[in-house]
Amino acid sequence: MPATPSPQPRLVSLRVSPWSERAKWALDHHGVAYRAVEHFPVIGERRLRRLVGPDKPRATVPVLVAGPEVISESWDIAVYTDRVGSGSKLIPSEHERAVRTWTTLADDAMQAGRALVIAAMLSSPRALDENGPPAVPGWLRPLLRPAARSLTRVFSRKYALSLDETEAHTQAVRAALDALRKGLKASSPHLLGSFSYADIVMATLLQGVSPVADRFLALGPATRAAWTREGLAREYADLLEWRDRLYEAKRVGASTHR
Ligand SMILES: N[C@@H](CCC(=O)N[C@@H](CS)C(=O)NCC(=O)O)C(=O)O
């Protein structure tokens, strides 16, 4: 009797989030088919908590549900794709330590970047309107703005974001970008000699400096502005060029799940 095909993995994710983009990139790189299910922050919190279980200190996306496995860290999803996928290894064993170091660096800088983006969203009524649930019609969104603002504040508390420390956060992002610039000098165009998860985490960190083109991830104009740091974008234009080239060359399948 033929084996029952296992159902397609489900990726619970947040379209705009660089952490979700990491997971999608790893899945697409390896040709692993999946169905993306959009998570809505705060409103979807209880459902997400049920999915990841009570032990995880913070319930976050991306979460990959693949048969009996529930994988709730982007790193672990990349490891999973290396295990089941058909592409080149994203975390080759000889580079695992180095890839982890780049991932920790990106994670820390992205936490700072998240505070900058959320502060910008809170001060942009249009960005708040653009990020309401898709079912809400455009004309109703300005009326729901106070609700959108308080949901964004709840989100900010979940991640203990200090929204007014702009300078410190900018410095944290800058430190990671300086490290990237140095790392690329040694072995351009890839951090570790060939394409790896290190390139993915550092490229997706740049989303909070200047987002990728709409064909990779479509954003409303006010949302795009909230994700853009003009000063950093000028200072690190070389890295944005690197990121854009990497997307052109390596971000296969990006439009499938947008
Ligand atoms: N360590 C986690 C961090 C993921 C993370 O921070 N996810 C945020 C992205 S903004 C999230 O889940 N946001 C939605 C929410 O908290 O409801 C990973 O690497 O997967």
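Counting convention: from 1, in listed order, for ligands and their atoms alike. In what follows, residues are counted from 1 in the order of the sequence shown. Values reported hereafter were calculated over all heavy atoms of this structure, with side chains retained and with hydrogens, waters and symmetry mates removed.
Evaluation of the side chain to side chain donor-acceptor pair (under 3.5 Å) test over residues 227-237, restricted to residues two or more places apart or in two chains, returns R174-E235, D178-Y236.
Under the 4.5 Å side-chain heavy-atom criterion for grouping Ile, Leu, Val, Met, Phe, Trp and Tyr, V42 is not connected to L51 through any hydrophobic cluster.
Ordered by chain and residue number, the residues placing a heavy atom less than 4.0 Å from ligand 1 are L14, S17, W19, H39, P41, T60, V61, P62, E73, S74, R114, F155, K158, Y159.
A115 meets the side-chain contact (heavy atoms from CB on, under 4.5 Å) test with L161, H169; sequence neighbours excluded.
Between the side chains of S93 and K89, not a single donor N or O lies within less than 3.5 Å of an accepting N or O.
Checking each of T60, T204, D107 against W19 for a side-chain hydrogen bond (donor to acceptor under 3.5 Å, both in side chains) leaves exactly one that passes, namely D107.
Counting Ile, Leu, Val, Met, Phe, Trp and Tyr side chains that sit under 4.5 Å apart, directly or through other members, L144 shares a hydrophobic cluster with V136, W139, L140, L143.
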